[in-house]
Amino acid sequence: MKNGAMPAKPVLRLDGITKRFPGVTALSEVELALYPGEVTALVGENGAGKSTLVKILTGIHQPDSGRIEVDGIETRLPTATAAQEHGITAIHQETVLFDELTVAENIFLGHAPRGRFGLIDWGRMRSEATELLTRVGADIDPATPLRDLGIASKHLVAIARALSVDARVVIMDEPTASLSQTEIEELYDLVERLKSDGKAILFISHKFDEIFRIADRYTVFRDGERVDAGMIRDVTEDQLVTRMVGRSMEAIFPRRHSDPGEEILRVAGYSHPTEFADINFGLRRGEILGFYGLVGAGRSEFMQALFGATRPSRGAVKLDGRIAVIRSPAEAIARGIVYVPEDRGRQGAISAMPIFQNVTLPSLSQTSRNGFVRIAEELALARRYTERLDLRAASLDQAVGNLSGGNQQKVVIAKWLATKPKVIILDEPTKGIDVGSKAAVHEFMAELAADGLSVIMVSSEIPEILGMSDRVIVMRDGRIAAEFDREGLTPEQLVRAAAGYEEVAA
């Protein structure tokens, strides 16, 4: 609603929606209204009920009670197909597409245009795919195999697929999680075009700068209930955080006294033929060392080499003053270096396995006797570390894939802590998780450092880098561009060093 105009009627309205699972009420009497030409931000901690709501809107789950209205008419959405027929579609953080199919085939999968005798009209499909890709600003040949595209281009294909079903309600679930800043700006432009086309957009994000930039309205979920809703112009960032988690912004980063000990890790001349070169630094016991840089700076590639997942072309590593040859992850783990990857869903955990088996997988020697795994000891070990991280799950038998993003991250961290490492590498440790879970991870990182564990934290979030690091190394184009102590460090210094605006004194 702008310039005092009468408010439009909602395209979609939920009233009193309740959904229960064994042992938990995921949603309790929630309400939500989505309006044409507007963006409604849905915010809340992991486990607040956002994912369950999206699954109800897309026909995957059925509510136990409550009312769904489309254009004021009560409607049931018993299947995903039914949701699409009512113009409701979702673009998820992890794009649900198929690498072996072409772009056009992915866009029209399940509803390809057909000609005579019910056969697929390939020419029409490519033509309509081209039109949709143009609408979303994607210069992509529809005949291109999806596997040849980057992450950002795949997101645009997912959006084109959403528009191919003539969507009236577009759900965007963490759409910028894997995008560069340039690609994020392009997504913002696309959202504005969708608004101009009269689409009602439900935007789920943990990034408050995004929410305050593009949202018109907000709805806050906490513990499965709607606790607040209104116009975004009427709320501040701190107020929104407080309504989400019951704590202010100041509580996100813990107060910590840093007193690092002796040097435990020394990296000298680490280089890779294509990804990074001449990486030199030391890490002290009980220190949190932040690594900052723009997309493509080579941070994750270096960390994977340090963990033994890839081989450097030259360079040396010393642990406790002794040369450590690391040719595989197994050798890294044996020497006390562990790595929590950025892509926790694919690289950090086995989604179909229960929590306790994920946690104990690298530590089976602690829970086995004479070649037999003792489940009671597995459960005890898993419980010890998941309780330290305040993991929220129905039981340790629950599959990791059914957990929220923040709780999945806690499982991955617990898994490596159970190996009793000396150095833990956290690659984007709070990516895609809510403010409350971020605060819990930050608090635990501070506890780890206080206990003498050395932490390397790769992060693209400047507040996280400034709030948690004792020192910061900035990478650019595969090399170290600058190194800073945290005292007096400013966001401007980080950005200039990462972007190469000028030479920055370390």
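All values below were derived from every heavy atom in this structure, side-chain atoms included, with hydrogens, water molecules and symmetry-related copies excluded. Numbering starts at 1 and runs along the sequence shown. As the structure is a computational prediction, the values presented were derived from the model and not from experiment.
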Colleague: Angle between ring planes, F281 versus F302, binned at 30° and 60°: parallel, tilted or perpendicular?
Modeller: perpendicular
Colleague: Quick one: are P142 and T102 in side-chain contact, heavy atoms under 4.5 Å?
Modeller: no
Colleague: OG of S328 to CD of E331: how many Å apart, nearest 0.5 Å?
Modeller: 4.0 Å
Colleague: For D139, is the CG atom crowded, meaning more than 12 foreign heavy atoms sit under 6.0 Å from it?
Modeller: no
Colleague: Counting distance only, does the side-chain N/O of K50 pair as donor-acceptor with the main-chain N or O of G44 below 3.5 Å?
Modeller: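 Checking the backbone N and O of G44 against the side chain of K50, a donor-acceptor pair under 3.5 Å is found.
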Colleague: Taking R476 for the side chain and A497 for the main chain, is one N or O donor matched with an acceptor at less than 3.5 Å?
Modeller: yes
Colleague: Any chance you could measure Y339, atom OH, to L426, atom CG, to the nearest 0.5 Å?
Modeller: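 Between Y339 OH and L426 CG, I get 10.0 Å after rounding to 0.5 Å.
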Colleague: With no hydrogens and no angle check, is any side-chain donor or acceptor of E262 less than 3.5 Å from a backbone partner on R285?
Modeller: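 Such a contact is absent between E262 side chain and R285 backbone.
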Colleague: Atom CZ in R299, atom CE in M475: separation rounded to 0.5 Å?
Modeller: 8.5 Å
Colleague: Should the heavy atoms of other residues, nucleotides or ligands under 6.0 Å from CG of N280 be counted, would the total exceed 12?
Modeller: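 More than 12 heavy atoms, drawn from other residues, nucleotides or ligands, come within 6.0 Å of this atom.
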Colleague: For the residue pair H272 and E301, establish whether any side-chain heavy-atom pair is separated by less than 4.5 Å.
Modeller: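 In short, these two side chains do not touch, never coming nearer than 4.5 Å.
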Colleague: Where is the tightest heavy-atom contact between R479 and I279, given as atom of each residue plus distance?
Modeller: CA-CD1, 4.3 Å
Colleague: The criterion is salt bridge (Lys or Arg N to Asp or Glu O under 4.0 Å); which residues satisfy it with E464, sequence neighbours excluded?
Modeller: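 If we apply the salt bridge (Lys or Arg N to Asp or Glu O under 4.0 Å) test to E464, skipping adjacent residues, there are no hits.
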Colleague: Taking C-beta and beyond as the side chain, do K422 and D320 meet within less than 4.5 Å on heavy atoms?
Modeller: yes
Colleague: Report the distance from atom OG1 of T89 to atom CG of L57, rounding to the nearest 0.5 Å.
Modeller: 11.5 Å
Colleague: Quick one, E237 and D209 - any side-chain contact, counting heavy atoms below 4.5 Å?
Modeller: no
Colleague: Quick check for you: to the nearest 0.5 Å, what is the distance between I232 atom CD1 and I214 atom CD1?
Modeller: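 Going from the CD1 atom of I232 to the CD1 atom of I214 covers 10.0 Å.
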Colleague: Could you state the interatomic distance from CD (Q493) to CG (L466), rounded to the nearest 0.5 Å?
Modeller: 9.5 Å
Colleague: So L194 and L163, do their side chains get closer than 4.5 Å, heavy atoms only?
Modeller: yes
Colleague: Identify the heavy atoms of E287 and R284 that sit nearest to each other, and give their distance.
Modeller: OE1-N, 3.0 Å
Colleague: Take L306 and I456 through the side chain to side chain contact (heavy atoms under 4.5 Å, CB included) test and state the conclusion after the steps.
Modeller: CA-CA 11 Å; L306 187 58; I456 297 176; 4.2 Å; yes
Colleague: Are the side chains of V191 and M172 in contact, using a 4.5 Å heavy-atom criterion?
Modeller: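 In short, these two side chains touch, coming nearer than 4.5 Å.
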Colleague: What are the two closest heavy atoms between L133 and A160, and how far apart are they?
Modeller: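 Between these two residues, the closest heavy atoms are CD2-CB, 4.2 Å.
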Colleague: Show your reasoning for whether side chain to side chain contact (heavy atoms under 4.5 Å, CB included) applies to F307 and I333.
Modeller: CA-CA 8 Å; F307 184 57; I333 295 166; 3.9 Å; yes
Colleague: Identify, with sequence neighbours excluded, every residue that meets side-chain contact (heavy atoms from CB on, under 4.5 Å) alongside F98.
Modeller: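 So F98 forms a side-chain contact (heavy atoms from CB on, under 4.5 Å) with L101, N106, L109.
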Colleague: Looking at side-chain heavy atoms only, is the closest gap between E428 and S459 below 4.5 Å?
Modeller: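 Sidechains of S459 and E428: in contact.
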Colleague: Looking only at non-hydrogen atoms, find the nearest pair between S205 and I211 and report the distance.
Modeller: O-CD1, 3.5 Å
Colleague: Donor-acceptor pair, distance only, cut-off 3.5 Å: does the side chain of D451 make one with the backbone of L453?
Modeller: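 No; judged by distance alone, with no hydrogens or angles, the pair does not exist.
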Colleague: Main chain of V235, side chain of Q239: is a donor-acceptor contact present, judged purely on distance under 3.5 Å?
Modeller: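 Not a single qualifying donor-acceptor pair exists.
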Colleague: Check A129 against I107 and note the closest heavy-atom contact, atom names and distance.
Modeller: CB-CD1, 4.1 Å
Colleague: Run the side chain to side chain contact (heavy atoms under 4.5 Å, CB included) test on L97 and E105 for me, step by step, so that the C-alpha distance in whole Å, both residues' side-chain angles and the decisive distance to 0.1 Å come before the verdict.
Modeller: CA-CA 10 Å; L97 300 172; E105 289 169 335; over 6 Å; no
Colleague: Give a yes or no answer on whether the side chain of S313 reaches the backbone of S271 with a donor-acceptor pair at less than 3.5 Å.
Modeller: yes
Colleague: Side chains of V423 and R335: closer than 4.5 Å at any heavy-atom pair?
Modeller: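 Not in contact.
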Colleague: Could you walk me through whether V340 and D427 pass side chain to side chain contact (heavy atoms under 4.5 Å, CB included), step by step?
Modeller: CA-CA 6 Å; V340 178; D427 196 345; over 6 Å; no
Colleague: What heavy-atom pair brings L283 and R471 nearest, and what distance separates the two atoms?
Modeller: CA-NH2, 4.1 Å
